[in-house]
Trainee: 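Shown below is the structure under consideration.
Naming: A, B, ... by sequence-line order, numbering from 1 per chain.
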Protein chains: 2
Amino acid sequence: MTGRVKIIDIARRVGVSPATVSRALSDTGLVAEPTLSRIRDEARAMNYRPNVSARNLRTRRSKAVLMVVRDVGNPFYLDVLKGVEACAREAGYSVLMGNTENQPGGEDRYFDMLRDGHADGMILITGSLPEDEMHRDLLAQLPVVVALEMVEQSGLPHVQIDNKAAAADAVAHLVGLGHRRIAHISGPVPEPMASLRERGFREAMTGAGLPVPSSYVLRGDYSLAAGKGLCCQLLALPEPPTAIFAANDEMAFGAIAAARRAGLEVPRDLSVVGFDDLYLSEAFQPPLTTVSQPRTELGRAAMGVLLDILSGRAPPSEPFVLPTTLQVRGSTAAPLAQVQLRSA
Amino acid sequence: MTGRVKIIDIARRVGVSPATVSRALSDTGLVAEPTLSRIRDEARAMNYRPNVSARNLRTRRSKAVLMVVRDVGNPFYLDVLKGVEACAREAGYSVLMGNTENQPGGEDRYFDMLRDGHADGMILITGSLPEDEMHRDLLAQLPVVVALEMVEQSGLPHVQIDNKAAAADAVAHLVGLGHRRIAHISGPVPEPMASLRERGFREAMTGAGLPVPSSYVLRGDYSLAAGKGLCCQLLALPEPPTAIFAANDEMAFGAIAAARRAGLEVPRDLSVVGFDDLYLSEAFQPPLTTVSQPRTELGRAAMGVLLDILSGRAPPSEPFVLPTTLQVRGSTAAPLAQVQLRSA
DNA sequence: GTGAAAGCGCTAACAC
DNA sequence: GTGTTAGCGCTTTCAC
């Protein structure tokens with residue numbers, strides 16, 4: 001079902017050489033006016049479409065980029081994709097989505113696609129690198145931009161938010177409301193993103209003169225179920241927290257569900273803050289107070305940096321950091337008076 | 001950043017012709033054993049990757065398919081994508097996502113990608129056809145499968161659910177609970193999917209001997225906001241419904257939010273049923289009773305039919321219909337006694 | 001079972 | 001400005 005009509009067909013009908021047609025159609029200002037229009041008109045009339053394989057083979061690039069995430073099923077990434085796509089389209093690139101399903105080595109496949117000409121560059125949002133024997137210094141030569149997650153010491157350009165500061169903001173909000181017993185449902189910690197958010201939590205707590213008992217920091221895998229389970233654990237403590245900061249919205253949802261099942265009302269009996277500002281966080285009951293990331297902007301910025309690299313401009317050597325905002329909604333409130341007394 | 005090593009490099013090192021290497025690497029049983037292994041080993045050792053553009057140019061196919069949806073941002077489609085991708089991968093195909101953003105003519109671009117060799121076939125989930133002058137009978141020759149949505153009289157193979165029956169099931173559930181005043185928040189109706197669900201609603205109501213006043217059927221655009229607004233309208237009626245069947249989950253979420261804002265408790269004062277069984281419908285408060293579509297299976301089935309077409313097998317002439325299940329959760333209950341009396 | 005040769009459709013050097 | 005020529009890397013007849 002390939003477009004039958006090719007460049008030589010147009011050339012014959014217009015009475016010029018294929019080269020001229022190619023030049024006319026690709027907007028190099030090298031074709032003179034009478035010919036130019038004739039070629040364009042004829043191309044449109046014949047419903048011509050250039051064969052991408054032939055063009056890519058010849059030019060040695062595909063005009064496509066790869067955006068690789070842990071899980072395509074996570075709606076979070078789709079806003080990022082929109083930003084990437086908008087920016088890519090302006091520059092004539094198309095965007096392919098890749099999915100590692102969180103498997104170590106899942107990115108190998110996509111690095112291969114870079115080599116086999118499927119794509120010219122990559123935006124990596126998985127927080128890890130390919131497992132095979134590519135060396136770091138070799139990696140740094142590749143047109144790869146890391147976004148959102150971090151890959152330390154990779155030498156790759158990064159586009160991200162300040163996870164630590166954003167987490168600290170969230171905690172500051174709770175502290176400002178009067179909470180003193182604040183727990184953290186953290187992510188899968190050695191991982192940088194989770195570590196930074198946890199660090200932000202700890203530093204903000206310490207900075208506010210509040211204790212961080214080890215039972216108050218539990219680590220989950222970002223799932224709804226983890227949020228539920230860990231919240232149960234927290235509520236079962238002899239001194240349960242009056243507020244929980246979860247490292248993402250899904251765990252916050254889980255925590256709220258567990259609290260409700262335990263007979264608590266959010267935010268009256270327990271305040272909960274999330275991180276990500278998912279689609280539906282606003283519609284959730286109660287609407288979730290959460291850290292909002294500029295998802296689309298992150299995508300756009302990452303693609304911008306990638307375009308720099310692909311066109312030979314030097315990428316920024318410093319990570320590109322975009323600001324977050326704390327969306328204060330209905331899941332946080334001042335703690336109950338009695339609770340404050342008991343905790344004193 | 002293309003893989004530098006090509007088929008001729010391997011050929012030289014092994015001491016055979018490029019043709020033999022090609023044959024060895026593509027598993028035609030045409031290369032004898034001593035040579036075969038030597039070639040394979042050398043290819044691995046040299047970290048060889050075939051250049052896709054060259055291969056595609058030569059073979060005249062891309063081994064890629066296009067899955068085109070209205071809105072990549074809708075998580076619903078991601079489960080479908082998973083099914084498509086699983087099935088595609090088994091057959092050596094990759095999947096490209098396309099997005100029409102609901103714009104008429106948005107599919108034109110992707111039909112062009114079929115012609116320019118970007119993809120070999122398409123799974124269309126947008127409910128509409130390209131606007132340009134392709135004729136229907138010509139379309140029916142193209143390797144295109146329509147899924148979920150319907151494109152009537154297109155002559156294209158379809159993979160779908162029975163929307164009418166599923167809607168009727170949902171209504172039957174409400175009737176079974178004792179509801180008599182049941183309203184429907186419908187979709188953008190001339191459109192087939194919305195029409196079928198609405199028809200299912202009407203037929204089930206009529207079949208149960210219940211009236212369908214015109215004020216009880218309102219049409220939205222599948223958005224959260226529409227659900228909110230239309231639910232407000234329904235609750236403001238002199239005789240408000242005791243139950244609402246929404247044509248999708250997002251409008252159901254909106255309806256529940258509006259009900260809550262109006263001081264009603266779901267399901268005590270109002271039962272709500274959705275359609276789709278979105279991610280988070282279960283975590284929603286209350287957990288949403290909704291029609292669950294076999295999303296992944298739909299994707300898998302659609303890709304299966306597309307593979308049939310691509311490999312020259314005849315596609316099924318009848319639409320391929322997959323079963324739905326009604327997930328009964330916490331958003332539906334028997335109506336309050338007083339309400340039943342008032343309605344009598 | 002393997003090699004030689006042609007060519008997929010396009011663009012880029014190089015002429016003129 | 002435009003034409004001529006070559007070739008991107010691969011697969012596939014056609015020989016043998």
Side-chain angles (χ1 to χ4, degrees), chain A residues 1-40 42-43 46-64 92 112-118 120, chain B residues 1-40 42-43 46-64 92 112-118 120:
Chain A
M1 309 304 155
T2 314
R4 300 271 97 206
V5 30
K6 34 199 187 185
I7 241 175
I8 195 154
D9 300 324
I10 303 174
R12 276 203 266 265
R13 296 197 48 155
V14 177
V16 293
S17 77
T20 304
V21 175
S22 171
R23 285 190 277 251
L25 261 24
S26 45
D27 268 337
T28 58
L30 299 172
V31 180
E33 204 10 280
T35 333
L36 188 62
S37 302
R38 294 236 318 284
I39 293 176
R40 284 189 180 152
E42 197 61 48
M46 299 178 79
N47 209 354
Y48 170 75
R49 289 244 92 204
N51 176 311
V52 287
S53 301
R55 168 183 294 170
N56 293 348
L57 175 59
R58 182 64 237 236
T59 61
R60 306 163 131 285
R61 41 205 193 115
S62 61
K63 285 291 218 168
D112 281 345
M113 288 179 72
L114 240 47
R115 304 202 306 123
D116 68 20
H118 256 119
D120 299 333
Chain B
M1 310 305 154
T2 316
R4 299 274 93 202
V5 30
K6 34 200 189 184
I7 242 176
I8 194 152
D9 300 323
I10 303 175
R12 277 202 266 264
R13 297 198 46 158
V14 177
V16 293
S17 75
T20 305
V21 175
S22 171
R23 286 190 275 251
L25 261 25
S26 44
D27 268 338
T28 57
L30 298 173
V31 180
E33 208 7 282
T35 332
L36 187 62
S37 302
R38 293 237 317 285
I39 292 176
R40 284 188 180 152
E42 197 60 48
M46 300 178 80
N47 208 356
Y48 170 75
R49 290 242 90 204
N51 176 311
V52 288
S53 301
R55 168 182 293 171
N56 292 348
L57 176 58
R58 182 65 235 236
T59 60
R60 306 161 130 287
R61 39 206 196 116
S62 61
K63 283 291 215 170
D112 281 345
M113 288 179 72
L114 240 47
R115 302 203 305 127
D116 69 22
H118 258 120
D120 299 334

Trainee: Can you tell me which nucleotide in D:dT2, D:dC10, D:dT11 comes closest to the side chain of B:Thr59?
Mentor: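 For the B:Thr59 side chain, the nearest candidate turns out to be D:dT11.
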Trainee: Quick one: CZ on A:Arg58 to OG on A:Ser22, what's the gap to the nearest 0.5 Å?
Mentor: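 That separation rounds to 9.5 Å.
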Trainee: Write out all pairs satisfying salt bridge (charged side-chain N to carboxylate O under 4.0 Å, His left out) with one or both partners inside residues 19-35 of chain A, taking only residues at least two apart or from two chains.
Mentor: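 Sorted result for residues 19-35 of chain A: A:Asp27-A:Arg40.
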Trainee: By a strict heavy-atom criterion of less than 4.0 Å, which residues belonging to residues 15-28 of chain A are in contact with DNA chain C?
Mentor: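 Those residues are A:Ala19, A:Ser22, A:Arg23.
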Trainee: Can you see if the side chain of A:Arg55 gets near the phosphate of C:dT11 - specifically, an N or O under 4.0 Å from OP1 or OP2?
Mentor: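 Indeed, a polar side-chain atom of A:Arg55 lies that close.
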Trainee: For A:Val14, enumerate each residue passing the side-chain contact (heavy atoms from CB on, under 4.5 Å) test, keeping only those at least two apart in sequence or located in another chain.
Mentor: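 side-chain contact (heavy atoms from CB on, under 4.5 Å) list for A:Val14, sorted by chain: A:Ile10, A:Val16, A:Arg38, A:Ile39, A:Glu42.
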Trainee: List in chain and number order the residues that pass side-chain contact (heavy atoms from CB on, under 4.5 Å) with B:Arg61, two or more places apart in sequence or in another chain; answer none if no residue qualifies.
Mentor: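 Expected list: B:Thr59, B:Lys63, B:Tyr93, B:Asp120.
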Trainee: Return no unless some side-chain N or O of B:Arg60 is found under 4.0 Å from OP1 or OP2 of C:dG9.
Mentor: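 For C:dG9, OP1/OP2 do have a side-chain N/O of B:Arg60 under 4.0 Å.
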Trainee: For B:Ser17, check side-chain hydrogen bond (donor to acceptor under 3.5 Å, both in side chains) against everything at least two apart and list the hits.
Mentor: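 With sequence neighbours excluded, B:Ser17 shows a side-chain hydrogen bond (donor to acceptor under 3.5 Å, both in side chains) to B:Thr20, given in chain and number order.
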Trainee: Take atom CZ of B:Arg4 and atom P of D:dC10, then tell me their distance rounded to the nearest Å.
Mentor: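 Distance check: B:Arg4 CZ to D:dC10 P gives 12 Å.
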Trainee: Side chain of A:Lys6 only, please: which of C:dC8, C:dC10, D:dG9 is the nearest?
Mentor: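 Closest nucleotide to the A:Lys6 side chain: C:dC10.
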Trainee: If every non-hydrogen atom of B:Arg49 is compared with every non-hydrogen atom of A:Asp112, which pair is closest and at what distance?
Mentor: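 Looks like NH1-CB, 3.4 Å.
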Trainee: Measure the distance from CZ on B:Arg61 to P on D:dC10 and round it to the nearest whole Å.
Mentor: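 Atom-to-atom, B:Arg61 to D:dC10, this comes out as 17 Å.
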Trainee: Using atom CD1 of A:Ile10 as one end and atom P of C:dG9 as the other, report the distance to the nearest whole Å.
Mentor: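 About 13 Å, once rounded to whole Å.
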Trainee: Looking only at side-chain N and O atoms, does A:Tyr48 come under 4.0 Å of OP1 or OP2 in C:dG9?
Mentor: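 Checking A:Tyr48 against C:dG9: no side-chain N or O falls below 4.0 Å of OP1 or OP2.
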Trainee: Starting from P on D:dG7, measure out to CD1 on B:Ile8 and report it in whole angstrom.
Mentor: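 From B:Ile8 CD1 to D:dG7 P: 13 Å.
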Trainee: Indicate yes or no: at least one non-hydrogen side-chain atom of B:Ile8 is less than 4.5 angstrom from one of B:Arg12.
Mentor: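 They are in side-chain contact.
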Trainee: Give me the bend of the helix from C:dG1-D:dC16 to C:dC16-D:dG1, using the axes of the five pairs at each end, rounded to 10°.
Mentor: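 The end-segment axes of the helix from C:dG1-D:dC16 to C:dC16-D:dG1 are tilted 30° relative to each other.
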Trainee: Rounded to the Å, how far apart are A:Ile7 CD1 and D:dG3 C1'?
Mentor: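 From A:Ile7 CD1 to D:dG3 C1': 14 Å.
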Trainee: Quick one: A:Leu30 CG to D:dG3 P, roughly how many Å, whole number?
Mentor: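 After rounding, the gap between these two atoms is 13 Å.
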Trainee: Output the rounded distance in Å from CZ (B:Arg58) to P (C:dC10).
Mentor: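 It is 16 Å, rounded to the nearest whole Å.
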Trainee: State whether the side chain of A:Ser62 and the backbone N or O of A:Asn56 hold a donor-acceptor pair below 3.5 Å, judged by distance alone.
Mentor: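 Not at all, since once roles are kept as given, no pair shorter than 3.5 Å links the two residues.
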Trainee: Heavy atoms from C-beta onward define the side chain here; which of D:dC10, C:dG9, D:dT2 lies closest to that of B:Leu57?
Mentor: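 Among the listed nucleotides, the one closest to the side chain of B:Leu57 is C:dG9.
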Trainee: Taking only side-chain N and O atoms of B:Thr35, does any of them lie within less than 4.0 angstrom of OP1 or OP2 on C:dT2?
Mentor: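 So the side chain of B:Thr35 is within the cut-off, an N or O lying under 4.0 Å from OP1 or OP2 of C:dT2.
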Trainee: Would you kindly give the NE2-to-P distance between B:His118 and C:dC10, to the nearest whole Å?
Mentor: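 In whole Å, C:dC10 P and B:His118 NE2 are 14 Å from each other.
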Trainee: Where the side chain of B:Arg115 meets the backbone of A:Asn47, is there a donor-acceptor pair that is under 3.5 Å apart?
Mentor: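 Indeed, once roles are kept as given, a pair shorter than 3.5 Å links the two residues.
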Trainee: Closest heavy-atom contact between A:Ala43 and A:Leu25?
Mentor: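 Heavy atoms only, the tightest pair is CB-CD1, 4.2 Å.
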